[in-house]
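Here it is, the structure in full.
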2 protein chains.
Amino acid sequence: MNNAFAKRLSFTSPLDDDDADVIDNLCSRDRRVAAKRYILRDGDQMLRFPIMLEGWAACYQIMRNGSRQITGLLLPGDALYFDSYPDCPAIEEIVALCPSVVAFASHEEMDRAIQSRPTIGRAMRNYGRIKNAVMATWIVNVGRRDALERMAHLICEAFARLAMIGEVDGNSFHFPLTQDDFADVLGLTPVHVNRKLQQLRHEGLIHLRSKEMTIIDRYALQQVAGFDETYLRPAREAPATEDTLLGI
Amino acid sequence: MNNAFAKRLSFTSPLDDDDADVIDNLCSRDRRVAAKRYILRDGDQMLRFPIMLEGWAACYQIMRNGSRQITGLLLPGDALYFDSYPDCPAIEEIVALCPSVVAFASHEEMDRAIQSRPTIGRAMRNYGRIKNAVMATWIVNVGRRDALERMAHLICEAFARLAMIGEVDGNSFHFPLTQDDFADVLGLTPVHVNRKLQQLRHEGLIHLRSKEMTIIDRYALQQVAGFDETYLRPAREAPATEDTLLGI
DNA sequence: GAATTTCATTTACCTATGCTAATTTGGGAA
DNA sequence: TTCCCAAATTAGCATAGGTAAATGAAATTC
């Protein structure tokens with residue numbers, strides 16, 4: 001299984017080879033996107049929905065004064081299915097944060113995949129649930145964690161999410177955010193991101209250089225963050241009846 | 001159509017009487033919940049999912065130091081379908097903020113409703129999309145809006161959401177949050193909520209007394225908030241113009 | 001209707017983070 | 001290799017919002 005989306009889904013609930021093939025076909029129409037290029041513009045009709053196959057992208061909103069808030073990070077294997085609707089204009093923009101490969105899948109094909117393959121339906125439903133949990137956690141981050149905790153939490157989350165699709169190498173992973181991007185994820189200023197990044201370094205928790213992040217002391221980092229990975233975990237093995245599939 | 005959930009869904013895409021009946025049946029198992037009582041506890045198995053029929057509830061997380069962040073407000077007609085998964089433990093808690101009526105619907109029945117009635121499926125999908133948009137907007141609120149803007153934005157959002165189900169009376173509506181609750185929604189302290197609430201009052205934008213909120217100058221309030229209701233709107237509507245403002 | 005609890009309000013003081021602006025670093029382009 | 005530009009770093013000052021503690025005003029309860 002090479003397809004990142006299939007890997008991501010199969011992490012939430014098991015997929016067989018046929019499922020993986022179906023997913024792979026969904027992703028057949030893909031495109032290379034350079035860093036800083038738009039994957040989706042505000043107001044675009046979402047006739048198709050994006051699936052990240054390689055690279056990172058950010059979903060964001062721009063304020064009147066020009067400041068930006070990133071509302072979600074799309075890592076390899078992430079898709080915008082539930083956030084989009086055929087013929088509905090997008091209300092957020094998405095940019096590639098590094099050179100990426102993005103598939104543009106059709107809603108119809110996905111709907112058909114979900115309906116014809118209950119395991120895919122279950123996996124998608126569960127994937128959607130986890131995405132919601134991630135968003136809720138981001139609200140908690142900006143609302144109630146201070147800058148250091150917030151930063152530590154995001155690093156833990158990124159690690160956990162990348163680990164699901166095998167994109168970590170020990171405790172290291174590719175982390176393409178600039179400090180400006182990082183600030184827009186955390187709701188901070190770039191200057192403050194710099195300060196707190198150094199604090200994490202000085203405290204011996206992480207190492208970050210030329211977009212390569214190494215978590216030196218994972219336990220300590222999770223302690224700082226108050227990170228509990230439960231929210232990212234798949235559902236317990238559900239009694240897989242025909243009825244529990246997401247038939248939308 | 002009396003069922004709040006049916007009203008809410010039919011706002012996102014039209015439902016006929018039969019659809020409404022199906023929805024109504026889904027809600028047959030309902031329960032009265034007193035203010036401050038749990039609707040869902042952390043770790044509960046979500047064999048059923050809650051639907052608000054009357055009253056307000058809050059979805060929240062508690063931090064190590066005891067502080068709380070509310071990650072979503074459940075208004076009449078709101079449901080936790082996509083955030084839940086049969087047999088999966090809840091990771092957030094939900095409390096009633098005022099005396100409420102909550103239906104507990106079964107996943108199986110809902111799945112069947114979605115499958116047998118395409119209009120319900122479409123409405124649910126669209127409802128889920130809007131809920132995601134609301135969450136994203138909350139991230140933007142806490143991340144990039146200052147206290148006053150944030151507060152104004154939430155009031156605008158509450159008004160718009162209540163208007164969808166006909167729970168506003170002119171520019172007034174029931175607003176049961178205490179200042180402590182409000183603080184936990186906005187990621188502020190109760191003291192600061194008090195300060196900013198008074199500012200909104202002194203500037204002649206709102207009136208709030210014994211849980212009754214009146215928006216005195218809606219346009220000005222939206223200006224302060226930088227509120228753009230587009231994200232709450234159903235799919236497939238004409239592009240935003242002055243007169244399509246929620247049709248209110 | 002007195003007692004009690006919950007909410008709202010106010011004040012004074014404090015700190016985490018923002019803001020501005022200058023300087024340095026480093027990785028790619030030529 | 002050199003240059004160049006985006007990114008990172010540093011410093012000094014400014015402020016929005018936090019903290020703590022006390023008081024007043026409404027609701028609830030008995």
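Below, read A as the first sequence line, B as the second, and so on, with proteins coming before strands; counting in each chain starts at 1.
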Quiz item: Does A:Q179 put a side-chain nitrogen or oxygen below 4.0 Å from OP1 or OP2 of D:dA6?
Solution: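 Answer is no, no contact under 4.0 Å.
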Exercise. Using atom CZ of A:F182 as one end and atom P of D:dT9 as the other, report the distance to the nearest whole Å.
Key: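 Rounding to the nearest Å, CZ of A:F182 and P of D:dT9 are 13 Å apart.
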Quiz item: Parallel, tilted or perpendicular: which fits the ring planes of B:Y127 and B:F5, with parallel below 30° and perpendicular above 60°?
Solution: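 Rings of B:Y127 and B:F5: perpendicular, as their planes differ by over 60°.
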Quiz item: Strictly under 6.0 Å, is that where the ring centroids of B:F182 and B:F175 end up?
Solution: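 Ring-ring flag for B:F182/B:F175: true, centres closer than 6.0 Å.
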Self-check item: A:D146 CG - C:dA16 C1' separation (whole Å)
Solution: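 In whole Å, C:dA16 C1' lies 8 Å from A:D146 CG.
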Practice problem: Give the nucleotide from the list D:dG17, C:dC7, C:dG18 with an atom nearest to the side chain of B:K211. | Solution: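 Closest of the options to the side chain of B:K211: C:dC7.
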Self-check item: Distance, rounded to the nearest Å, where B:M151 contributes CE and C:dA8 contributes C1'
Solution: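 Rounded to whole Å, this separation is 13 Å.
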Self-check item: Between D:dA8 (P) and A:F175 (CZ): distance, integer Å
Solution: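 Taking atom P of D:dA8 as the reference, CZ of A:F175 is at 10 Å.
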Quiz prompt | A:R201, nearest nucleotide to its side chain (from D:dG18, D:dT9, C:dT11) | solution =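 So the nucleotide nearest the side chain must be D:dT9.
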Self-check item: d(CD, A:Q199; P, D:dT10) in whole Å
Solution: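 Rounding to the nearest Å, CD of A:Q199 and P of D:dT10 are 14 Å apart.
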Self-check item: Of the listed nucleotides D:dA8, D:dG12, D:dG17, the one nearest the side chain of B:H192
Solution: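 Given the options D:dA8, D:dG12, D:dG17, the side chain of B:H192 is closest to D:dG17.
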Practice problem: On DNA chain C, check which nucleotide each of B:N194 and A:R150 is closest to and give me the residue with the more 5' one. | Solution: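 Result: B:N194.
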Quiz item: OP1, OP2 of D:dA7 versus side-chain N and O of A:K36: anything below 4.0 Å?
Solution: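 Yes, because at least one side-chain N or O of A:K36 sits under 4.0 Å from OP1 or OP2 of D:dA7.
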Quiz prompt | Atom-pair distance (CD on A:E212; P on C:dG27), nearest Å | solution =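 Rounding to the nearest Å, CD of A:E212 and P of C:dG27 are 13 Å apart.
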Practice problem: Classify the side chain of A:R209 and the base of C:dG26 as holding, or not holding, a donor-acceptor pair under 3.5 Å. | Solution: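 Check fails, no donor-acceptor contact within cut-off.
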Quiz item: Has B:R32 got more than 12 heavy atoms of other residues, nucleotides or ligands less than 6.0 Å from its CZ?
Solution: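 No, because the 6.0 Å sphere around CZ of B:R32 holds 12 heavy atoms or fewer from other groups.
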Quiz item: Name the one of A:D184, A:V95, A:L186 that satisfies side-chain contact (heavy atoms from CB on, under 4.5 Å) with A:I70?
Solution: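 Between A:I70 and the candidates, side-chain contact (heavy atoms from CB on, under 4.5 Å) is satisfied uniquely by A:D184.
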Quiz item: Are the side chain of B:E93 and the backbone of B:D42 linked by a donor-acceptor contact shorter than 3.5 Å?
Solution: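 Yes, because the side chain of B:E93 sits within donor-acceptor range (under 3.5 Å) of the backbone of B:D42.
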Quiz item: How close or far is atom P of C:dG18 from atom CZ of B:R144, stated in whole angstroms?
Solution: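 Atom-to-atom, B:R144 to C:dG18, this comes out as 8 Å.
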Exercise. Could you tell me the separation between the CG atom of B:L188 and the C1' atom of C:dA8, rounded to a whole number of Å?
Key: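 After rounding, the gap between these two atoms is 16 Å.
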